[in-house]
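I have a structure I would like to understand better, so I am pasting it below and will then ask my questions one at a time.
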Amino acid sequence: MSPCDALVGACGRWLTLGAAGEGVPYPLLDLLGDADLVRYYQGGQYATLRLTSSMYHRFHAPADCRVEQVNYISGDTWNVNPIALKRVERLFCKNERASFAAGYCRRAQ
């Protein structure tokens, strides 16, 4: 399930050194900007979601969960289309981005 109307650029499990982006792994520290966050997210899941100008630009929780933490990293706002990914080196480390941790809510029975 996706939290928004988007194209999936890549997804998977965080690797030892980083996530696959633009066809090359990034060090997690370069993406997240915080050593504590690197330790927290190591071994977790990631997805890069590309919104085009015609898509609805809001994010929603598509599951019964609680957002426990959001980390915003300011940066550029480069387009992440395939052409830009080839032209701008380490684009995902330069663009603004967010990471979040969520826990599933358990319903009382």
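Bear in mind the structure is a predicted one, so any value in this text is a computation, not a measurement. For reference, positions follow the sequence shown, starting with 1.
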Hey, are the side chains of D30 and F92 touching, using non-hydrogen atoms and a 4.5 Å cut-off? no

Test of understanding: with side chain to side chain contact (heavy atoms under 4.5 Å, CB included), list the residues that count as partners of N71, not counting sequence neighbours. L37, Y41, Q69, S99

Can you name the nearest heavy-atom pair linking A35 to L29, along with the distance? N-CD1, 3.7 Å

CZ of R97 to CG of D76: how many Å apart, nearest 0.5 Å? 9.5 Å

Q45: what forms a side chain to side chain contact (heavy atoms under 4.5 Å, CB included) with it, not counting sequence neighbours? R13

Let me confirm one number: the CG-CG distance from N95 to L31, rounded to the nearest 0.5 Å. 11.0 Å

Residues in salt bridge (charged side-chain N to carboxylate O under 4.0 Å, His left out) contact with D34, at least two apart in sequence or another chain: none

I73 and V88: same hydrophobic cluster, using ILVMFWY side-chain contacts below 4.5 Å? no

